[in-house]
Number of protein chains: 4
Amino acid sequence: MSPVPGADPRPPGVLAHPTTPRSLRVHDAALRAATELLAEGGLPAATMDAVVTRSGVSKATLYKHWPSRTALAAEAFGLRTAGAAPPPDTGSARGDLTEQVRRVGAFCAGVDGRVFAQLLAACVTDPCAGAYFRAFCLAARREAVAELWRRAVRRGEAAPGVAADTATDVLLGALVLRLMAGHAALGPGEADRIADAALNGLLTAPGS
Amino acid sequence: MSPVPGADPRPPGVLAHPTTPRSLRVHDAALRAATELLAEGGLPAATMDAVVTRSGVSKATLYKHWPSRTALAAEAFGLRTAGAAPPPDTGSARGDLTEQVRRVGAFCAGVDGRVFAQLLAACVTDPCAGAYFRAFCLAARREAVAELWRRAVRRGEAAPGVAADTATDVLLGALVLRLMAGHAALGPGEADRIADAALNGLLTAPGS
Amino acid sequence: MSPVPGADPRPPGVLAHPTTPRSLRVHDAALRAATELLAEGGLPAATMDAVVTRSGVSKATLYKHWPSRTALAAEAFGLRTAGAAPPPDTGSARGDLTEQVRRVGAFCAGVDGRVFAQLLAACVTDPCAGAYFRAFCLAARREAVAELWRRAVRRGEAAPGVAADTATDVLLGALVLRLMAGHAALGPGEADRIADAALNGLLTAPGS
Amino acid sequence: MSPVPGADPRPPGVLAHPTTPRSLRVHDAALRAATELLAEGGLPAATMDAVVTRSGVSKATLYKHWPSRTALAAEAFGLRTAGAAPPPDTGSARGDLTEQVRRVGAFCAGVDGRVFAQLLAACVTDPCAGAYFRAFCLAARREAVAELWRRAVRRGEAAPGVAADTATDVLLGALVLRLMAGHAALGPGEADRIADAALNGLLTAPGS
DNA sequence: ACGTAAGCGAGACGGTACGTCACGTCTTAAG
DNA sequence: CTTAAGACGTGACGTACCGTCTCGCTTACGT
């Protein structure tokens with residue numbers, strides 16, 4: 001980590017700790033290590049001690065940057081995962097929202113889904129990590145749906161009386177429930193069925 | 001639990017462990033202890049050691065009856081909680097399903113909701129407990145909705161193309177998602193809004 | 001530690017954990033490890049983690065057997081060190097006590113003296129270890145002097161008004177003080193001078 | 001310590017750091033803070049971070065003035081404690097030395113005795129602090145006894161063959177031993193008994 | 001008068017060990 | 001054969017304090 005004296009590969013004139021404010025170096029190293037560990041063994045592998053070992057950042061320092069190991073893991077996972085794909089634009093609200101649900105379904109069914117579930121689970125135990133999870137793992141996904149929703153409302157394709165929050169959770173909740181409880185499949189077909197059901201409504205006759 | 005010597009209230013001739021198969025006594029004692037502990041401090045309080053202490057059942061025995069502490073806790077919680085209230089019967093599918101969602105919402109928002117969330121979280125880590133959770137905590141609740149759903153289909157009030165499983169998860173998923181992630185409120189009004197949105201559908205124009 | 005399955009070198013018929021009551025095995029293993037570590041690097045080397053590693057005994061178990069690492073170290077050191085040499089018997093109280101002081105002086109000046117000092121120091125910080133230190137490291141040494149003292153009193157060679165405790169501490173105190181503070185030498189000549197001074201008295205004219 | 005802007009009580013024209021060489025201010029502030037902390041919670045409370053916080057002197061600076069926290073503490077404690085009381089002058093060597101031993105005994109038995117013991121203990125671990133301890137905490141006390149001793153020798157009341165160093169350690173050693181190990185009382189009566197024993201000698205018949 | 005060097009406040013950092021916790025496995029002895 | 005009792009190994013936790021380091025400001029001094 002700190003350059004070994006006499007083995008300094010930096011050209012003269014370059015400071016030992018270049019521009020990088022000390023904190024940044026640490027922050028990055030820890031996140032990188034956590035990301036790798038999560039990819040290798042999921043949350044259980046992303047032990048604080050493991051992060052310490054791999055990143056070279058000391059445990060005390062880690063706890064100055066994050067309130068708990070779960071928070072660190074959530075940030076690391078979120079940063080890697082929240083890569084904003086361009087929002088779907090199929091021309092219709094139905095198509096857009098269905099596609100988005102399908103994407104989230106694929107995410108849940110994939111390798112990352114497992115880690116996502118582990119993080120969500122950990123946040124139940126560790127409330128201070130909840131904020132990190134919501135900020136780094138949840139917000140972007142919910143916002144993506146909410147954005148589509150608002151566009152649909154503007155176009156007059158969506159029920160105007162439904163809040164974006166409500167619509168979002170109705171569309172995504174079933175997927176997350178299945179991911180966590182494991183009582184039903186999560187394949188692409190299921191995502192479609194869920195999207196259809198939620199978008200069309202469950203009842204035949206409209207009401208209140 | 002363990003018969004106190006010299007303080008045996010049983011009449012002579014009655015065996016110490018009468019008809020009751022030994023296992024049942026153990027099973028019950030453990031579940032009772034776990035139930036109390038869950039009520040007092042949630043899942044974190046329902047330590048195996050705590051169950052051992054309170055129930056008088058030894059640890060080795062517990063692990064012969066349940067594969068993990070989470071499994072025991074799930075069974076204990078499920079038995080207390082799955083008390084079958086009579087299904088709502090308002091005369092309309094809309095009313096019934098809305099009422100049922102409202103009930104689940106109230107459950108999630110209440111004290112038991114926290115434990116439910118902790119158990120669901122624990123099952124992500126402990127897959128063998130997942131089966132217990134699904135059997136004792138989840139099945140009854142999902143079945144209650146599914147039953148209403150099937151009735152609605154029979155009456156022609158529900159979209160016939162939607163499977164009961166799908167309908168159930170769409171109705172309940174949003175609640176569970178909010179319970180776990182804590183990003184939005186869980187009050188009774190919210191339950192209504194979610195039920196309305198799911199039952200009416202999110203879009204204005206029907207499709208596919 | 002626990003026999004690797006399939007690699008058991010024991011002849012058939014020999015139990016895995018023979019007669020040895022479990023606790024004894026642990027106690028011994030820990031003490032042995034601590035003794036070695038103390039010999040290799042003094043108290044600083046006798047880390048709990050090091051004892052864990054070397055002995056195969058888990059940390060939690062160690063803390064069930066000893067209240068602190070210092071206590072464990074004190075017991076280990078005392079057991080090795082308190083080997084009862086036959087008490088000196090030169091025929092005179094003067095000779096016996098001088099010889100005993102000389103022995104303690106040699107002990108203090110030697111390698112073990114350093115560890116003795118470290119333990120005594122640690123007991124100031126860790127009061128619950130103090131009892132272990134007194135029992136395992138101090139008692140035998142003080143008792144050896146006190147025994148000589150009582151014999152001297154019986155023979156009429158010692159001042160009868162002086163308690164054994166007092167005599168003991170006057171004879172040994174100077175050595176320990178020098179060991180701890182390091183302000184003066186601890187060679188054999190010094191031991192003699194100290195013994196002479198204490199036995200003869202510091203003043204020329206007797207008093208009170 | 002660091003001049004609060006806008007709250008400077010100094011008359012105009014007086015420099016912020018007048019003649020006082022910078023180092024002195026720092027030295028004093030650190031010692032004052034350490035002294036207070038020692039009084040409040042003994043050595044364990046006199047953490048470097050605590051001194052930093054209370055004195056406003058930075059950690060790096062502290063380590064330029066003292067080699068270790070123990071050294072700083074020893075100096076602080078010594079300066080407060082080594083207040084030279086006028087040496088006893090009872091007219092006889094016996095009286096003077098007894099009084100001095102009694103004083104040291106009272107010191108050991110009091111609140112400061114605990115800190116003294118903690119410092120002596122710390123110096124075993126931290127050799128570079130040993131010099132500070134000897135200079136600030138030990139030297140004055142030993143010198144006071146030695147001075148009395150030399151006077152006694154001049155007056156012919158003391159055994160001339162005994163070096164001042166030896167006499168001093170014989171008189172004080174027992175007290176320190178009891179302070180550190182805690183195996184016996186340290187009351188005023190004990191101080192008297194120790195002084196008597198050492199001054200009169202332990203044996204009845206003079207020898208060598 | 002100004003630049004240079006030193007002294008300093010601030011505090012992040014790596015390191016090492018601590019003592020604690022709960023899990024799930026295991027042994028022993030009693031019935 | 002089942003059980004109570006509880007010791008044990010495992011693995012991670014979060015904390016504490018050490019002593020080192022860098023940064024950037026301020027003062028003192030030399031020219």
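Naming: A, B, ... by sequence-line order, numbering from 1 per chain.
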C:Asp49, C:Leu62, C:Leu43 screened by side-chain contact (heavy atoms from CB on, under 4.5 Å) with C:Arg69, the one that passes: C:Leu43
Nucleotide F:dG6, atom C1' - distance to CG of B:Leu62 in whole Å: 13 Å
Closest to side chain of B:Arg69, choosing from E:dC13, E:dG14, E:dA22: E:dA22
Earlier contact from the 5' end, DNA chain E, for C:Met48 and C:Ala60: C:Met48
Selection from E:dA22, E:dG9, F:dT20 that lies nearest to any side-chain heavy atom of D:Ser58: E:dG9
Atom-to-atom span, CG of A:Asp28 to P of E:dC13 - whole angstrom: 12 Å
Protein-nucleotide distance (D:Arg54, atom CZ; E:dG9, atom P), rounded to Å: 17 Å
Any donor-acceptor N/O pair, B:Arg54 side chain to B:Arg32 backbone, under 3.5 Å: no
Listed nucleotide nearest any side-chain atom of B:His65, set E:dC8, E:dG15, F:dT3: F:dT3
Check: E:dG19 base within 3.5 Å donor-acceptor of C:Lys59 side chain: yes
D:Thr47 side-chain proximity, nearest of F:dC18, E:dA22, F:dT22: F:dC18
Which nucleotide in F:dC8, E:dC13, E:dT27 has an atom nearest any side-chain atom of A:Ser23: E:dC13
Length of the CH2-C1' vector between D:Trp66 and F:dC18, whole Å: 17 Å
Polar side chain donor-acceptor pair, A:Glu75 to A:His27, under 3.5 angstrom: yes
Candidate pair D:Tyr132 and D:Phe77, rule ring pair (Phe, Tyr, Trp, His ring centres under 6.0 Å), full reasoning: CA-CA 10 Å; D:Tyr132 281 76; D:Phe77 181 76; over 10 Å; no
Per D:Val57 side chain, nearest of listed nucleotides F:dG19, E:dG9, E:dC13: E:dG9
Close side-chain approach of A:Ser23 and A:His65, heavy atoms under 4.5 Å: yes
Protein-nucleotide distance (A:Arg25, atom CZ; E:dG11, atom P), rounded to Å: 19 Å
Between F:dC8 (C1') and C:Lys64 (NZ): distance, integer Å: 7 Å
Interatomic distance, B:Asp49 CG vs F:dA5 P [rounded to whole Å]: 13 Å
Phosphate OP1/OP2 of E:dA12: any A:Thr61 side-chain N/O under 4.0 Å: no
Spacing between C:Leu37 atom CG and E:dA17 atom P, to the nearest angstrom: 11 Å
